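These notes concern the structure reproduced below.
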Amino acid sequence: MSKELSTRADNYSQWYQDLVVKADLAENSAVRGCMVIKPYGYAIWEKMQATLDKMFKDTGHVNAYFPLFIPKSFFSKEASHVEGFAKECAVVTHYRLKNGENGEIIVDPEAKLEEELIVRPTSETIIWNTYRGWIESYRDLPLLINQWANVVRWEMRTRLFLRTAEFLWQEGHTAHATAEEAVEETRRMLDVYAEFAEKTLAIPVVKGTKTANERFAGALDTYCIEAMMQDGKALQAGTSHFLGQNFAKAFDVKFMSKEGKQEFVWATSWGVSTRLMGALVMAHSDDQGLVLPPKLAPIQVVIVPIFKNEEQLSGITVVVDKIIAELKSKGITVKYDNRDTHKPGWKFAEYELKGIPVRIAIGPRDLENGTVEVARRDTKEKSVMQITDLAVKVEHLLDQIQTNIYSKALDYRETHTYKADSYEEFKKLLDQGGFVLAHWDGTTETELKIKEETKATIRCIPLNNKQEEGKCIHSGKPSTQRVIFARAY
RNA sequence: CGGGGUGUAGCGUAGUCCGGUUAUCGCGUAUGGUUUGGGACCAUAAGGUCGCAGGUUCGAAUCCUGCCACCCCGACCA
């Protein structure tokens, strides 16, 4: 069949690529490095957005929108920030086309912009430039704003969802009167992300801080949530930055304190992107296709009728209509696939590929017995159920699936997290794939050496990390805690 | 951006080394019929700038040059 996937064991990255395309989530576009997110994939993203947006609003944030283009001069105002993004910026230099000598369309050399515009790779600069005008007094603080937007980072190598030149995300940018408040905000949003990952995406994550080397360009501290994919590689699923007063100083954003003094404000920024779509696929799916957590599945239940003729179908439909009404009344999204152009077996395979959590099949035998066949996507278990109270049972089952997917992922992570106490052991464990907890002397130098020699990076220093005496895996110098090493996406 | 690989119908492919009728096969698509509890079968049909642009040749999917896209590996990154 043309719908066949590579297997995870065979070729993990091919499997991922196949799955994203064949499950109709996204495809490569005519534009290098940029993807088309297809309706089914976008529907999942919309559910993520809806859930996150509510969580942001519940924590006091409001949405706004800032320009796609950023004047080049803004970028140079925060030194480490420019340095971090300079190598991957798309730049607009002209504003007009015209007909060339041979009738082709060319960029009009006369229409050069006086100042080039950068297509935003992130919006700190334009936002902080704007905030200067909005903040005068401590009464204007805190300023808690989020934006849903697209950004562009000119990547050399791209992979659908995981790394594309253009991607969708949200970026929160907040301003506070004190460092404590800003740190608190940074941590609060990290918690929001972790809760979202675990409860909605059903992906367990480790909360932690990045090392100086992995820190966001312009931040004092970068917090992150790290997840493990089914090939044992780590994926950063969200970040929250404490920016200190760097941007306030660069853009001269001051406020009058209660004491009547001019002070620079304290900043945070935090974001998650369509990369989460990639995480979702890689964390749960199997060789038959997607496995979607019920909370994100655009269709939670599909009903497939088994019939030989019109008459049978209409008999089944009478029963199905009642089931649909019941399911809908419980807020469950349901699709009735009564097409006669495809056989049931074809539909089963198709909905497995699409990751629909629950499938209900109903045929003549069921009509006689007052039953349906219920199949769950996560375990592929099938059971025959009485139609009585079916909606309640299905609702329950969806909850179970959500929980089961999470615990499966958690179990995978736990069985693929190791401790290493020698560099030899460390390298061996990395090759098996997974998180390796090891002592590190705290220097960037050692971190970079390990990266060079093993391709592993320090994913994070877990929050509330257990303190223990030890020796750095590489340099042998004393260390007080283990950090998480892994190869990463 | 460096190394490798691949581009032939919607998808997957044969043919390319060694140039020669009308470019192969499978899936999918359309129509008709038989089917329908795990990706049905038969028949018929439609579908091609052989990635793009040049060149060599009587003749190019095939040889040469340049370019483009995608995949894998490295450097960079959410």
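All heavy atoms count here, side chains included; hydrogens, waters and symmetry mates do not. Remember, predicted model here, so these are calculated numbers, not experimental data. Within every chain, numbering begins at 1; the chains are lettered A, B, ... in the order of the sequence lines, protein sequences first and strands thereafter.
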Could you state the [atom1]-[atom2] distance from [X] to [N], rounded to the nearest angstrom?
X: A:Leu353; N: B:G39; atom1: CG; atom2: C1'; answer: 11 Å
X: A:Leu313; N: B:U35; atom1: CG; atom2: P; answer: 17 Å
X: A:Lys451; N: B:C76; atom1: NZ; atom2: C1'; answer: 8 Å
X: A:Arg159; N: B:C73; atom1: CZ; atom2: C1'; answer: 12 Å
X: A:Met35; N: B:A69; atom1: CE; atom2: P; answer: 18 Å
X: A:His342; N: B:U29; atom1: NE2; atom2: P; answer: 6 Å
X: A:Lys347; N: B:A40; atom1: NZ; atom2: C1'; answer: 14 Å
X: A:Lys308; N: B:G33; atom1: NZ; atom2: P; answer: 19 Å

Taking atom types as modelled, find out whether [X] and [Y] have a side-chain donor-acceptor pair closer than 3.5 angstrom.
X: A:Glu166; Y: A:Thr164; answer: no
X: A:His173; Y: A:Glu171; answer: yes
X: A:Thr317; Y: A:Ser314; answer: no
X: A:Trp270; Y: A:Thr268; answer: yes

>> Show, in sequence, the C-alpha distance, side-chain angles and deciding distance for A:Leu390 and A:Ile360, and conclude whether the side-chain contact (heavy atoms from CB on, under 4.5 Å) test is met.
In response: CA-CA 10 Å; A:Leu390 185 62; A:Ile360 297 176; 4.1 Å; yes

>> Looking at A:Asp231 and A:Arg487, is any side-chain nitrogen of the basic one under 4.0 Å from a carboxylate oxygen of the acidic one?
In response: no

Counting heavy atoms from C-beta on, name the nucleotide in [options] closest to the side chain of [X].
X: A:Asn28; options: B:C70, B:G37, B:G39; value: B:C70
X: A:Gln14; options: B:C77, B:U36, B:C71; value: B:C71
X: A:Ile306; options: B:G38, B:U36, B:C71; value: B:U36
X: A:Arg163; options: B:C71, B:U35, B:C77; value: B:C77
X: A:Asp366; options: B:G37, B:G39, B:C71; value: B:G37
X: A:Lys343; options: B:U36, B:G38, B:C71; value: B:U36

Hunt down the Watson-Crick or G-U wobble partner of [N], both distances under 3.5 Å, from any strand shown, or write none.
N: B:C76; value: none
N: B:A69; value: B:U6
N: B:G32; value: B:C42
N: B:G20; value: B:C58

Considering only the [atom1] atoms, how many Å lie between [N] and [M], rounded to the nearest integer?
N: B:G19; M: B:G12; atom1: P; answer: 29 Å
N: B:G66; M: B:G4; atom1: P; answer: 14 Å
N: B:U29; M: B:G10; atom1: C1'; answer: 8 Å
N: B:U21; M: B:G39; atom1: C1'; answer: 40 Å
N: B:G20; M: B:G15; atom1: C1'; answer: 14 Å
N: B:C52; M: B:U36; atom1: P; answer: 46 Å
N: B:C64; M: B:A60; atom1: P; answer: 16 Å
N: B:A61; M: B:G7; atom1: C1'; answer: 11 Å

>> Just to be sure I understand the rule, does A:Arg339 reach a base, reach only the sugar-phosphate, or reach nothing, if contact means heavy atoms closer than 4.0 Å?
In response: nothing

> Base, sugar-phosphate, or nothing: which does A:Lys455 touch, judged by heavy atoms less than 4.0 Å apart?
Replying inline: sugar-phosphate

> How do A:Gly363 and A:Gln17 order along RNA chain B: which one's closest nucleotide is nearer the 5' end?
Replying inline: A:Gly363

> Are any of A:Ser13's side-chain N or O atoms less than 4.0 Å away from OP1 or OP2 of B:C71?
Replying inline: no

>> Suppose we screen for ring-ring contact (aromatic ring centres under 6.0 Å, His included). Which residues come up paired with A:Tyr336, at least two apart in sequence or across chains?
In response: none

